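Keep in mind that the numbers below use all heavy atoms, side chains included, and drop hydrogens, waters and symmetry copies. These figures come from a predicted structure and were not determined experimentally. Residue indices begin at 1 and follow the sequence shown.
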Amino acid sequence: MRHAVCTIPRALFGATLGCFFCAGCIPFWGSKPGPARAPSTVVRFADQAAALGLAPSEPTLPEVTRALGRAVDALPANTQGAGAQIAREAQGMEKEGGQSEFEHARRSLDLALVALGKVKRPAGSSAERRRAIGEAQQAIAAIGADGAKPAEVGRAYRAVGEALLLVTGGSGQIATGRKLAPLVARFAVEEADAARRTGAQLLYAMADAFDALPGRSAKVERLATQLRAQAQGLSQAATLAYSSQLQAALSTAATALAALKKAGPALAILQAEARAAVGRVSAERPFELERPAVQDAVRLLTDGLTVAGAR
């Protein structure tokens with residue numbers, strides 16, 4: 001019995017094989033892996049962590065903690081059930097409430113960092129990973145055992161979100177523009193009542209952006225804390241008092257932007273323009289009449305923060 005013999009001409013066989021390679025039919029043959037991309041659950045957690053403290057529509061702490069558990073479950077590592085443990089901590093938050101929420105939060109964040117250390121082939125340089133994880137550890141340690149403050153907890157969640165993004169192929173930090181741009185866009189088009197609420201959120205986000213800048217001075221940190229308190233007050237301000245409180249908060253933001261050292265030419269121009277724009281905002285006129293001036297000031301402050309964050 002004769003065996004079948006392939007009668008495909010060599011030239012045709014070579015052309016056919018070449019088509020397989022060119023079309024990507026054999027992607028594993030000599031191919032290089034593409035750049036790492038953070039899982040969508042990690043990105044979603046980082047976004048929710050960034051929104052913590054953005055009054056008045058911030059997500060709840062149990063909700064963000066559940067998102068953390070899902071992000072940990074998606075890590076390319078043997079996390080030994082850390083995601084499920086974090087989910088149980090979120091349940092404990094809802095049942096117990098009060099200051100016990102912060103203890104559950106601290107345990108959840110610690111579990112996430114342990115899981116993060118087990119990620120296979122982490123993205124980012126070793127120096128970047130040490131920085132991000134070190135900042136997260138410091139933020140978690142700053143959560144007071146007695147009388148913990150929501151601002152401390154929010155900062156720790158954001159720091160863990162930044163570390164998760166970096167190690168899994170994300171940006172390494174929640175970019176200023178990514179957090180501020182949607183708020184700026186909403187502020188520009190909303191009706192006056194909704195814009196007042198968004199204005200408070202926007203200033204709170206600016207305070208966090210100042211706190212996230214590398215190499216920030218003690219003066220900038222102090223002004224960021226002051227701006228955060230002003231934003232919280234603005235979210236509860238009466239209509240007639242809103243303009244004066246908004247102008248004061250914008251002045252604080254402009255002062256913080258001007259306090260950033262080693263400014264390049266672009267940032268130096270934005271520092272001057274932002275201060276001038278804030279000076280054109282009247283504290284005496286109703287907010288509805290001042291919106292164009294306020295929007296101009298907000299845009300320049302946001303642009304300045306974005307440039308500062310990219311240095």
Side-chain angles (χ1 to χ4, degrees), residues 50-56 58 149-152 154-155 158 174 176-177 179-184 186-188 195-263 266-287 289-309 311:
L52 273 175
L54 290 180
E58 62 180 299
K149 299 177 182 178
E152 295 171 345
R155 195 171 296 118
R158 286 187 288 276
I174 301 173
T176 299
K179 184 175 176 180
L180 287 173
L183 293 172
V184 173
R186 277 168 43 194
F187 185 73
R196 288 189 185 94
R197 292 192 295 271
T198 300
Q201 293 180 340
L202 184 52
L203 289 164
Y204 206 108
M206 282 187 186
D208 284 345
F210 279 116
D211 266 342
L213 291 175
R216 61 192 178 279
S217 65
K219 180 179 180 180
V220 171
E221 290 183 354
R222 177 177 58 79
L223 288 167
T225 300
Q226 179 181 336
L227 179 59
R228 191 174 289 107
Q230 289 173 314
Q232 191 65 43
L234 193 65
S235 69
Q236 303 166 1
T239 302
L240 294 177
Y242 189 88
S243 290
S244 61
Q245 292 189 30
L246 175 62
Q247 204 277 341
L250 290 171
S251 295
T252 299
T255 302
L257 187 67
L260 298 177
K261 304 300 182 183
K262 298 180 180 179
L267 180 56
I269 291 171
L270 287 167
Q271 286 171 324
E273 290 183 349
R275 181 172 285 281
V278 170
R280 291 190 289 271
V281 176
S282 172
E284 307 299 328
R285 300 178 62 188
F287 169 65
L289 299 179
E290 286 300 294
R291 284 191 71 174
V294 171
Q295 288 170 14
D296 190 39
V298 163
R299 177 182 58 79
L300 289 165
L301 287 167
T302 302
D303 287 349
L305 277 164
T306 301
V307 171
R311 288 187 296 163

Item to check | Heavy-atom side-chain contact between L227 and Y204 under 4.5 Å | outcome: no
Checklist entry - Between L300 and A277, which heavy-atom pair has the shortest distance, and what is it? => result CD1-CB, 3.6 Å
Checklist entry - Just wondering, do L203 and L250 contact through their side chains at under 4.5 Å, heavy atoms? => result yes
Next on the checklist: Are the side chains of D296 and R280 in contact, using a 4.5 Å heavy-atom criterion?
Outcome noted: yes
Checklist entry - Could you go step by step and tell me if T239 and R196 meet the side chain to side chain contact (heavy atoms under 4.5 Å, CB included) rule? => result CA-CA 9 Å; T239 302; R196 288 189 185 94; 3.5 Å; yes
Item to check | Closest non-hydrogen atom pair, A308 against L260 | outcome: CB-CD1, 3.6 Å
Checklist outcome for this item: Here the pair of heavy atoms bringing G304 nearest to L267 is O-CD1, 3.4 Å
Next on the checklist: A quick test of your reading: do over 12 heavy atoms of other residues, nucleotides or ligands sit less than 6.0 Å from CG of L240?
Outcome noted: no
Item to check | Worked verdict on Q230 versus T252 for side-chain hydrogen bond (donor to acceptor under 3.5 Å, both in side chains) | outcome: CA-CA 9 Å; Q230 289 173 314; T252 299; 2.8 Å; yes
Item to check | Contacts of D303 that satisfy salt bridge (Lys or Arg N to Asp or Glu O under 4.0 Å) - sequence neighbours left out | outcome: R299
Item to check | Side-chain donor/acceptor of E290 to backbone N/O of R285, under 3.5 Å | outcome: no
Checklist entry - Is the closest side-chain heavy-atom distance between T255 and R275 below 4.5 Å? => result yes
Checklist entry - Once the angle between the rings of F287 and F187 is folded into 0 to 90°, is it parallel (under 30°), tilted (30 to 60°) or perpendicular (over 60°)? => result tilted
Checklist entry - Are L305 and L213 close enough that some pair of their side-chain heavy atoms sits under 4.5 Å apart? => result yes
Checklist outcome for this item: In short, salt bridge (Lys or Arg N to Asp or Glu O under 4.0 Å) pairs touching residues 228-249 with sequence neighbours left out are D208-R228, D211-R228
Checklist entry - Can you name the closest pair of heavy atoms from A274 and L257 and give their distance? => result CB-CD2, 4.0 Å
Checklist entry - Any idea which heavy atoms bring S243 and A283 closest together, and the distance? => result CB-O, 3.8 Å
Checklist entry - Taking C-beta and beyond as the side chain, do V220 and K261 meet within less than 4.5 Å on heavy atoms? => result no
Next on the checklist: Are R216 and F210 packed together at the side-chain level, in the sense that at least one heavy-atom pair is separated by less than 4.5 angstrom?
Outcome noted: no
Item to check | side chain to side chain contact (heavy atoms under 4.5 Å, CB included) evaluation trace for L223 with Q226 | outcome: CA-CA 5 Å; L223 288 167; Q226 179 181 336; 3.9 Å; yes
Item to check | Side chain S235, main chain A200, donor-acceptor under 3.5 Å | outcome: no
Checklist entry - For residues S282 and Q247, is any side-chain donor paired with an opposing acceptor at under 3.5 Å? => result no
